[in-house]
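In the text below, chain A, chain B and the rest are named by the order of the sequence lines, each starting its count at 1. As a basis for the values below, the full set of heavy atoms in this structure was taken, side chains included, without hydrogen atoms, waters or symmetry mates.
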2 protein chains.
Amino acid sequence: MATANIREVAHRAGVSVSTVSNVLNRPLTVAPATRQRVLAAIEELGYVRNDSARQLRAGRSRTIAIVVMDIGNPFFTDVVRGAERAAEERGAMVIVCNSGDSSERERRHLELLEEQRVQGILITPLHDGVAPARDGRESPLAQIIERGTPVVLVDRESGRHNRCSVAVHDVLGGRLAGEHLVEQRHRRIAFVGGPFSIRQVAERHRGLSEAVAERGGPGAELSVFTTDALTAEAGRTAGEEIAALPAAQRPTAVFCANDLLALGVLQVMTMHELAVPRDMAIVGYDDIEFAGSAAVPLSSIRQPRAQLGRAAAQLLLEEIYAGAEHQHRNVVFKPELVVRRSSSEPHRRRLAGRPGPRQAMGPRTEE
Amino acid sequence: MATANIREVAHRAGVSVSTVSNVLNRPLTVAPATRQRVLAAIEELGYVRNDSARQLRAGRSRTIAIVVMDIGNPFFTDVVRGAERAAEERGAMVIVCNSGDSSERERRHLELLEEQRVQGILITPLHDGVAPARDGRESPLAQIIERGTPVVLVDRESGRHNRCSVAVHDVLGGRLAGEHLVEQRHRRIAFVGGPFSIRQVAERHRGLSEAVAERGGPGAELSVFTTDALTAEAGRTAGEEIAALPAAQRPTAVFCANDLLALGVLQVMTMHELAVPRDMAIVGYDDIEFAGSAAVPLSSIRQPRAQLGRAAAQLLLEEIYAGAEHQHRNVVFKPELVVRRSSSEPHRRRLAGRPGPRQAMGPRTEE
DNA sequence: CGCAGGGTCTGAAACGTGTCAACCCTCCCC
DNA sequence: GGGGAGGGTTGACACGTTTCAGACCCTGCG
C-alpha cells in the first residue's frame with residue numbers, strides 16, 4: 001500500500017539511487033539503455049515522486065496560491081482563470097483557497113500556505129489585511145511578507161511600497177456611473193452597497209458622489225442604502241426599502257456596489273411593477289456574465305477581470321524569479337461603463353450632437 | 001531571508017531540538033517555564049514550521065483536494081462550500097484545483113496532488129475518468145485509486161465498486177422536467193445540451209425522452225439541439241437556431257441541460273420577441289442563484305449542491321480514517337423541480353382537481 | 001537510606017529526495 | 001604507450017522535522 005520510493009526503484013532497475021534521480025531530473029545525462037530500465041521499473045512499481053521530500057531538499061514548492069474572499073462570487077472566478085493562464089505559461093500550478101468571508105479561515109489558509117512554502121500568494125485580503133491590528137502586532141499577512149514570501153494584492157491598492165498590487169480604479173468606476181446617470185437627467189440618485197468597511201464599496205460611493213456633486217447641478221440629491229453584504233439577497237432587502245418610499249421621494253436611479261445587489265434590486269422593482277429604466281434606472285458593478293441576461297439587461301461597470309488575474313500572477317512570478325532586483329509595482333486598471341437597457345430608455349430621444357454611450361448586448365468574452 | 005528552522009529556535013531558547021518539537025506537538029509534556037522560553041524564541045525569530053519536512057516524516061499531508069471541471073460554474077461553488085464545511089468540522093483544509101475543461105490540466109493537477117500525498121481527492125472527472133483508455137492503460141485517476149489514495153467521485157456514479165461516489169439522479173431530473181412540460185400540454189419539445197459525451201447531458205436527455213414517450217401521448221415530438229458547451233454563449237447559439245424555425249415547426253417548450261444554456265436561450269427568445277412562457281416554455285437545470293432573477297424567472301431542476309459536497313467530503317474523511325474497514329458507498333440524491341414563470345403561464349386556467357406545482361420566488365438558501 | 005516512578009529533557013535515527021565531488025571506463029590524440 | 005577528456009554512474013551528505021528510547025533529576029514511600 002505504501003507507495004514505492006526511489007530506493008526500491010533503483011534496486012529493481014539495478015542502478016543507484018542517484019541514477020534514478022538523474023533519470024527524473026536530467027534524463028540526458030543517463031545512457032538510453034539505463035534510462036529505459038529505470039523507466040520500466042518506475043512503471044512496474046507505480047512509483048510516484050514524493051513532493052514533500054523534493055521540496056524539503058529544494059527549499060520551496062512549485063505552486064502559487066490564490067486566496068479569494070468568496071469563491072461563489074463570479075468576479076473571482078475570472079481572476080482565477082487569468083492567473084491560472086499566466087502561471088501555466090511559466091509552468092507553475094495554481095491552487096485556490098476560499099476564505100469564504102471568514103477571517104479565521106483566511107488566517108488558517110495563510111498559515112498553511114506559508115508552512116507549505118508556496119512560491120507566492122495572490123490574495124484579496126478580507127480586511128485590507130496589511131495594516132497592523134490594534135494590539136500593535138502586525139497582521140498575519142504583513143508578517144508573511146516580512147518573512148519573505150512574495151505576495152501580490154489583488155483588487156486592493158497597497159498603501160505601502162513593500163509589495164505589488166493590482167487593482168481597478170474604483171473611484172473612477174463610481175464616477176463613470178455617476179456621470180452616466182446625471183447625463184440621463186436623473187436628479188435623485190441612490191447608492192446601494194455595504195459594508196463601507198470594504199474599500200471598494202467606499203470608493204465606488206465616493207466616485208459616484210463626486211460625479212453627482214460636480215456635474216449633477218443644483219437640484220441633485222444623493223441618498224445611501226447601506227447593505228450588510230454584497231449579495232442578491234441584500235439587494236432585495238435594499239430594493240424593498242426603496243420601493244416602499246413614496247414616489248415623490250423615491251430615487252429615480254440606483255447605482256449598486258456590485259451586480260448581485262443590482263440584480264436583487266432589479267428583481268424587487270419588477271415585483272413592485274416599477275418599470276426599469278422608466279421609473280428606476282439601475283447601474284451595477286462588475287459586469288458579471290448574467291448582467292446581460294437579467295430581467296432587463298443590466299448596465300454595469302466592467303472590470304478587466306481576467307487581465308487583473310493575469311497581471312497579478314505575472315507580477316508575482318516576476319518577483320519570484322527576479323528576487324532582490326524586483327521592483328514593486330502597483331498596477332491600476334481602468335474600468336469601463338457598459339450601457340444596457342437598465343439605465344437608458346431606448347425610445348427616448350438622444351441628446352443632439354452627441355453619440356449616445358455605446359450599447360452592448362451580451363458580455364464580451366475576455367481576451 | 002531564509003526562514004529560521006527548528007534548530008535555531010532550539011539554540012536561542014537554550015534547549016534541544018526535540019524540546020522545541022515537543023512544544024509544538026505535545027505542549028503538555030514540557031515544563032511551563034521552558035515552554036515560555038521556546039515560544040518566545042519562536043516569536044522572535046519568526047519561525048514557521050516547514051510542512052514539507054513534517055509531511056515527509058509523517059508520510060502524508062493534512063489537506064484534501066477538490067478538483068472541479070470549471071470553477072466558473074456556480075454549481076461547483078456550492079459543492080466546494082459544502083465540502084469545506086464538512087472538512088472544517090474534522091480539522092482538514094481544502095484546496096481547490098480548477099481543471100477548466102482541459103484534461104491536460106486535470107492530469108497535471110492529479111499528478112501534483114498525488115505527489116503531494118494529499119489525504120484524499122474529491123473530483124468531478126472530465127471524462128468519466130475511471131474507464132481505461134483505448135490503449136489499455138488505466139486512466140490517471142484509476143491509477144491513483146489503485147495506489148491507495150482515497151478518491152470520491154462527485155456528480156458521477158461509479159460503475160465499479162472500488163470507490164465512493166455522490167451524485168444526483170440525472171435521469172430523474174430529466175424526467176421531472178419532461179413530465180412537467182407534458183402536463184403543461186406541450187407537444188413539440190426540444191432538448192438543448194451537449195456534448196453528449198458528458199454523462200449528465202445524456203442522462204438528462206434520457207429522462208426527458210422517457211417522460212415524453214411514456215406520458216406525452218400520440219402527438220408528442222422530441223427534437224434535440226446539440227451544443228458544444230454548457231455556457232450561456234452556447235445557449236444563445238442554440239436559441240438562434242430555434243428562433244429561426246418557422247412557427248409551425250418550432251418547439252413550444254425547451255428543456256436545457258443547465259441553467260446557463262437556458263439563460264442564453266431565454267435571452268434570444270426575448271430578443272426575437274417570442275414571449276416566454278406563452279410562445280416558448282423553458283426549463284433549466286441546476287437552479288443557480290440567478291435563475292430566480294432572470295428576464296423571466298426560470299423554472300429549473302434543483303440539485304442539493306451543498307449537500308452533495310458535504311456528503312462527498314464526509315465519505316472521503318470516513319475512508320481516510322476508517323482505512324481498510326471502510327465500505328465504499330454510492331450516494332444518490334434526488335433532484336427537485338422548481339416551477340417559476342418561464343414554464344407556467346400564471347394567467348392560464350389550472351387543471352381542475354389538482355393543485356398546481358409549487359411556485360417558488362427566490363432561490364432558497366441551502367441549509 | 002534505597003528504590004520506584006514520574007516529570008523533563010535530549011541524542012540519534014529515520015523519512016525520500018537532490019546535488020556534488022569523485023570515480024571508472026572508453027576513446028582519442030600525441 | 002601514455003595521458004587526457006569526457007560520458008556515465010555512484011556514494012555520501014544535507015534538507016527540517018518527528019519519534020523513541022533512554023538519561024537525568026527529584027520526590028515520595030517503604
Residue pair B:A53/B:R35 against DNA chain C: nearer the 5' end by closest nucleotide is B:R35
Nt span of DNA chain C in reach of chain B heavy atoms at under 4.0 Å, 5' end first, is C:dT8 to C:dG16
Taken in chain and number order and not counting sequence neighbours, the residues that satisfy ring-ring contact (aromatic ring centres under 6.0 Å, His included) with B:H11 are none
Applied to residues 87-101 of chain B, the salt bridge (charged side-chain N to carboxylate O under 4.0 Å, His left out) test, sequence neighbours excluded, yields A:R105-B:E88, B:E89-B:R310
Ordered by number, residues from residues 110-121 of chain B within less than 4.0 Å of DNA chain C (heavy atoms) are none
In short, side-chain hydrogen bond (donor to acceptor under 3.5 Å, both in side chains) pairs touching residues 28-39 of chain B with sequence neighbours left out are none
Tested for side-chain contact (heavy atoms from CB on, under 4.5 Å) against B:V67, the lone hit among B:L122, B:T124, B:L113, B:I95 is B:L113
- Message: Please determine whether a side-chain nitrogen of the Lys or Arg among B:R81 and A:D70 lies less than 4.0 Å from a carboxylate oxygen of the Asp or Glu.
- Response: yes
- Keeping the roles fixed (side chain from A:R49, backbone from A:R54), state whether a donor-acceptor pair exists under 3.5 Å. no
Smallest heavy-atom separation, A:E106 atom then A:L126 atom, equals OE1-N, 2.8 Å
If each end axis of the helix from C:dC1-D:dG30 to C:dC30-D:dG1 is fitted on five C1' pair positions, the angle between them, to 10 degrees, is 60°
Contacts of A:I6 and B:T34 projected onto DNA chain C by closest heavy atom; the upstream (5') one is B:T34
- Message: What contact category does A:S52 fall into here, base, sugar-phosphate, or nothing, at under 4.0 angstrom with non-hydrogen atoms?
- Response: nothing
In numerical order, the residues of residues 18-25 of chain B whose heavy atoms come under 4.0 Å of DNA chain C are B:S18, B:T19, B:N22
Within residues 55-63 of chain A, the residues having a heavy atom closer than 4.0 Å to DNA chain D are A:L56, A:R57
Tightest non-hydrogen contact, residues B:R117 and A:V48, listed as NH2-O, 3.0 Å
Sorted by chain and residue number, the salt bridge (charged side-chain N to carboxylate O under 4.0 Å, His left out) partners of B:E104 (sequence neighbours excluded) come out as B:R107
* To do: Report which part of the nucleic acid A:V17 touches: base, sugar-phosphate, or nothing (heavy-atom distance under 4.0 Å, all strands).
  => nothing
query: For A:R305, does its backbone N or O pair with a side-chain atom of A:D78 as donor and acceptor, under 3.5 Å?
result: no
Test side-chain contact (heavy atoms from CB on, under 4.5 Å) on A:I123 and A:L153; report intermediate values, then the result. CA-CA 5 Å; A:I123 183 171; A:L153 300 184; 4.0 Å; yes
Outermost contacting nts on DNA chain D, any atom under 4.0 Å from chain B heavy atoms, listed 5' then 3', are D:dG16 to D:dT19
Requested in this report: Report yes if some heavy atom in the side chain of A:V30 is under 4.5 Å from a heavy atom in the side chain of A:V15; otherwise report no.
Outcome: no
TODO: Answer whether the closest heavy-atom distance between the side chains of A:D155 and A:M69 falls below 4.5 Å.
DONE: no
Worksheet item: So, A:T19 and A:S16: side-chain donor and acceptor under 3.5 Å apart, yes or no?
Response: yes
Residue set satisfying salt bridge (charged side-chain N to carboxylate O under 4.0 Å, His left out) with A:D51, at least two apart, ordered chain then number -> A:R62
_Between A:V38 and A:Y47, is there a side-chain heavy-atom distance shorter than 4.5 Å?_
no
Closest non-hydrogen atoms of A:S21 and A:I6, given as atom of the first, atom of the second and distance, are N-CD1, 3.9 Å
Donor-acceptor list for residues 315-322 of chain A side chains, cut-off 3.5 Å, not counting sequence neighbours:
| from | atom 1 | to | atom 2 | distance (Å) |
| --- | --- | --- | --- | --- |
| A:E318 | OE1 | A:R329 | NH2 | 2.8 |
| A:E318 | OE2 | A:H326 | ND1 | 3.4 |

